[in-house]
Amino acid sequence: AQSVTQPDIHITVSEGASLELRCNYSYGATPHLFWYVQSPGQGLQLLLKYFSGDTLVQGIKGFEAEFKRSQSSFNLRKPSVHWSDAAEYFCAVGDNFNKFYFGSGTKLNVKP
Amino acid sequence: DVKVTQSSRYLVKRTGEKVFLECVQDMDHENMFWYRQDPGLGLRLIYFSYDVKMKEKGDIPEGYSVSREKKERFSLILESASTNQTSMYLCASSFTSAAGELFFGEGSRLTVL
């Protein structure tokens, strides 16, 4: 069965520091992978997605993610975090039947 | 701009009441979804619909039903609300194209007393 694991529940980084949020998935075929961000009290917004091709994908707000098939991972990165990046981040995998499976989320706190 | 609109941001209901959560999208998407979001559990799929009058159960359909009479509108119904249905409910929609991305509404926070 498809599943998504985000091993870090909370992460705190200092403003200006680099960020990496981990995501591991379990899926039999070539996955469609997504990262979404949720600000407090809001719905989810797509940051980036991977369907095929180049394994390093660029997204909005300066985020990028790298698909590593051998590790079943799709980690999200940002070289320099801003205070406005504080939010909850969700990794998701989509299957060929238009269903989506989400991780449990990682809450990011940004220290001034 | 693409838009998924959920009719109520905050609701407070009593145990046993019937609850309707409405969702409308203006993007002509085929697929619509209802998710439940709880801390530490991420998003869990309740129901989804891939066409008018078509629906499929997700991972946690018990205690819920849905209705899709028009392409743009997808309703979630709690026939008899219970306290364990207190949660954030998120509606989303997508095109039918090999797991196209989801577009989300802002969510409806339901409290059942």
Side-chain angles (χ1 to χ4, degrees), chain A residues 1-10 21-53 57 59-60 65 67 74 87-107, chain B residues 1-10 21 23-25 27 29-51 54-61 74 88-110:
Chain A
Q2 296 87 340
S3 67
V4 178
T5 302
Q6 293 180 246
D8 304 306
I9 300 172
H10 287 101
L21 302 183
R22 296 183 289 166
C23 172
N24 292 96
Y25 67 89
S26 172
Y27 185 66
T30 300
H32 297 149
L33 296 161
F34 307 82
W35 275 100
Y36 288 86
V37 60
Q38 184 181 36
S39 298
Q42 302 296 315
L44 278 70
Q45 179 186 18
L46 181 71
L47 280 177
L48 48 77
K49 59 187 176 185
Y50 171 79
F51 280 9
S52 64
V57 293
I60 62 170
F67 169 58
F74 189 56
E88 190 160 18
Y89 292 81
F90 292 92
C91 181
V93 61
D95 69 12
N96 291 330
F97 302 98
N98 292 288
K99 290 179 73 174
F100 298 81
Y101 302 88
F102 285 82
S104 54
T106 298
K107 279 192 175 170
Chain B
D1 236 7
V2 296
K3 201 108 169 108
V4 178
T5 303
Q6 294 183 230
S7 56
S8 304
R9 292 294 307 276
Y10 301 94
L21 300 180
C23 175
V24 177
Q25 51 97 1
M27 295 165 281
H29 284 166
E30 297 91 350
N31 303 322
M32 296 189 75
F33 304 78
W34 276 106
Y35 285 91
R36 173 176 171 159
Q37 182 181 14
D38 299 288
L41 297 178
L43 278 70
R44 293 179 291 167
L45 181 63
I46 304 172
Y47 269 98
F48 77 101
S49 168
Y50 50 90
D51 201 351
M54 306 304 287
K55 61 186 179 184
E56 281 199 26
K57 294 180 179 178
D59 300 317
I60 53 164
F74 191 36
M88 170 72 91
Y89 291 89
L90 292 168
C91 175
S93 67
S94 74
F95 283 118
T96 299
S97 57
E101 68 184 86
L102 288 169
F103 292 86
F104 282 88
E106 292 189 322
S108 299
R109 183 165 293 283
L110 172 66

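Throughout, a chain's letter reflects where its sequence line sits, starting with A, and its residues are numbered from 1. Excluded from the calculations below are hydrogen atoms, water molecules and symmetry mates; all remaining heavy atoms, backbone and side chain alike, are included.
Heavy atoms closer than 4.5 Å to chain A are found nowhere in Tyr50(B), neither backbone nor side chain. Residue Leu43(B) touches chain A through both its backbone and its side chain, counting heavy-atom pairs closer than 4.5 Å. Contact annotation for Gln45(A): neither backbone nor side-chain heavy atoms come within less than 4.5 Å of a heavy atom of chain B.
For the side chain to side chain donor-acceptor pair (under 3.5 Å) test, residues two or more places apart in sequence or in another chain that qualify with Gln38(A) are Gln37(B).
Annotation for Leu41(B): atom CG counts as buried by contact number, over 12 foreign heavy atoms lying within 6.0 Å. Heavy atoms of other residues, nucleotides or ligands lying less than 6.0 angstrom from CZ of Arg44(B) number more than 12.
Of all heavy-atom pairs between Ser104(A) and Gly40(B), the closest is CB-O, 3.4 Å.
A distance-only check finds no donor-acceptor pair linking the side chain of Tyr36(A) to the backbone of Phe104(B) [under 3.5 Å]. A donor-acceptor pair under 3.5 Å links the side-chain atoms of Arg9(B) to the main chain of Gly41(A), judged by distance alone.
Rounded to the nearest 0.5 Å, atoms CZ (Phe102(A)) and CG (Leu45(B)) are 9.0 Å apart.
Residue Phe100(A) forms a ring-ring contact (aromatic ring centres under 6.0 Å, His included) with just one option from Phe48(B), Phe103(B), Phe33(B), and that option is Phe33(B).
Side-chain contact between Leu44(A) and Leu102(B) is absent, with no heavy-atom pair separated by less than 4.5 Å.
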